[in-house]
There are 2 protein chains.
Amino acid sequence: MSISTRFSVGIHILSLLEINKEGVNTSDFIAKSVNTNPALIRKITGMLKNAGLVNVRPGIAGATLAKELSNITLLDVYHAVNVVSDKELFGIHENPNPACTVGRNIQDTIEPIFSVAELALEKALGVVTIEDVVKGILEKDKTK
Amino acid sequence: MSISTRFSVGIHILSLLEINKEGVNTSDFIAKSVNTNPALIRKITGMLKNAGLVNVRPGIAGATLAKELSNITLLDVYHAVNVVSDKELFGIHENPNPACTVGRNIQDTIEPIFSVAELALEKALGVVTIEDVVKGILEKDKTK
DNA sequence: ATAACTTGTAACCACTTGAATTACATGTTA
DNA sequence: TAACATGTAATTCAAGTGGTTACAAGTTAT
């Protein structure tokens, strides 16, 4: 089980919008960089748009960033592409037996623990911005 | 996308083994507490056995804990039931275009960031033990 | 206005995984 | 030997992912 690649593709798209900001970033162009098809890019770009991260309009070629690079965290992207429903990173088995001490209390006991873990994950994603990613990409590229 | 309920079921099983340690915890008995079927319980119990967390043998009724309660963390269970392959919580899109600055460097840039986030998650799971969960269950049960 | 191009979506497919279920071989014990 | 337990394979069903095609609707240049 892995979190959908929509997340990493979303990061890819935003980074590309910055690095190729002089060009026109159509879904077709982006798809070639990601190595997938334009329809999927448009789908993800649409999600990023709904989250207010990019500007993109029907008929008008190209997407652009809607916010400052340094003001978009990976957590924003994570939420935008909807890879994990809220508070549902960990699946909890339903309907445990209420006639059993464990069954009766396991969910209420586990949920807050899972929340803490999930928040730790989100916090780690929240401190990294697309600006950091772009810098990382440019930095790594120098060595090639 | 959610992490498989095998994880929460694993925690349920281990907690039950402690709370019902005076009884004989057959897969059938455990299944009734979890509210699923015995075959699935045996499958998960087998994974917990492979990780050295429980004792269970063919033909012999009942499973027992193989380690101290306070010495089993949720991270141990998480790894035991194999819900997430190592370093693969986040799926990364394959084969980005090497002719593009972003495509050429996105994977190497993102991987370490994802690792940090994944480790943050694991760290949070590593500080909680089954003993904590058992205490939580007993505590909550008092109020009911 | 029309042609060419773009985005927005819906629909479908193939594939993988999860969970439930059934069945049965194997091991243990009375 | 009978009764019961675990181990495990096979099957089924549902859901999610990613790839693909198709097409409606918006935009722009001529």
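Chain letters run A, B, ... following the sequence lines, proteins first and then strands; every chain starts at 1. Just so it is clear, the values below take in all heavy atoms, side chains as well, and ignore hydrogens, waters and symmetry mates. Every value quoted in this text rests on a predicted model; they were computed, and no experiment measured them.
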Ranking C:dT21, C:dT7, D:dT20 by distance to the side chain of A:A39, first place goes to D:dT20
NA contact type, B:A61, heavy-atom cut-off 4.0 Å: base, sugar-phosphate, or nothing? sugar-phosphate
Taking OP1 and OP2 of D:dA5, is either one under 4.0 Å from a side-chain nitrogen or oxygen of B:T26? no
When the distance from CG of B:N37 to P of D:dA9 is rounded to whole Å, what number comes out? 16 Å
So, is A:R6 near the phosphate of D:dT17, with a side-chain N or O under 4.0 Å from OP1 or OP2? yes
Separation of B:I3 atom CD1 from D:dG16 atom P, in whole Å? 16 Å
When rounded to whole Å, the CG to P distance for the pair B:N25 and D:dA5 reads 13 Å
Using a cut-off of strictly less than 4.0 Å, decide whether A:T5 has a side-chain nitrogen or oxygen near OP1 or OP2 of D:dG18. yes
Round to a whole Å and report the spacing from CD1 of B:I41 to C1' of C:dT22. 17 Å
Using the rule given for side-chain contact (heavy atoms from CB on, under 4.5 Å), can you reason through B:I11 versus B:V133, listing the C-alpha separation, both sets of side-chain angles and the distance that settles it, and then say yes or no? CA-CA 8 Å; B:I11 296 170; B:V133 175; 4.0 Å; yes
Phosphate contact (C:dA20 OP1 or OP2) by B:K43 side-chain N/O below 4.0 Å: no
Once the angle between the rings of A:F90 and B:Y78 is folded into 0 to 90°, is it parallel (under 30°), tilted (30 to 60°) or perpendicular (over 60°)? perpendicular
Rounded to the nearest angstrom, tell me the gap between atom CZ in B:F90 and atom P in D:dT17. 14 Å
Would you kindly give the CG-to-P distance between B:L48 and D:dG7, to the nearest whole Å? 11 Å
Return no unless some side-chain N or O of A:S4 is found under 4.0 Å from OP1 or OP2 of D:dG18. yes
From CG of A:N95 across to C1' of C:dA19 the rounded distance in Å is 14 Å
Distance in Å, B:I130 CD1 paired with B:I72 CD1, rounded so as to fall on 0.5 Å steps: 6.0 Å
Starting at atom NZ of B:K49, determine the distance to atom P of D:dT8, rounded to an integer number of angstrom. 8 Å
Identify the heavy atoms of A:A124 and A:V127 that sit nearest to each other, and give their distance. O-CG2, 3.3 Å
Along DNA chain C (nearest heavy atom to each residue), the more 5'-positioned of A:D28 and B:N35: A:D28
Regarding the side chain of A:L40, the nearest nucleotide among D:dT21, D:dG18, D:dG26 is D:dG18
Answer with base, sugar-phosphate or nothing: what part of the nucleic acid does A:G62 contact at a heavy-atom distance below 4.0 Å? sugar-phosphate
B:S8 side-chain N/O to A:H93 backbone N/O, donor-acceptor pair under 3.5 Å: yes
Nearest of C:dA19, D:dT20, C:dT28 to any side-chain atom of B:R57? C:dT28
Taking the side chain of B:R42 as heavy atoms from C-beta outward, which of D:dG7, C:dT7, D:dT27 is closest to it? D:dG7
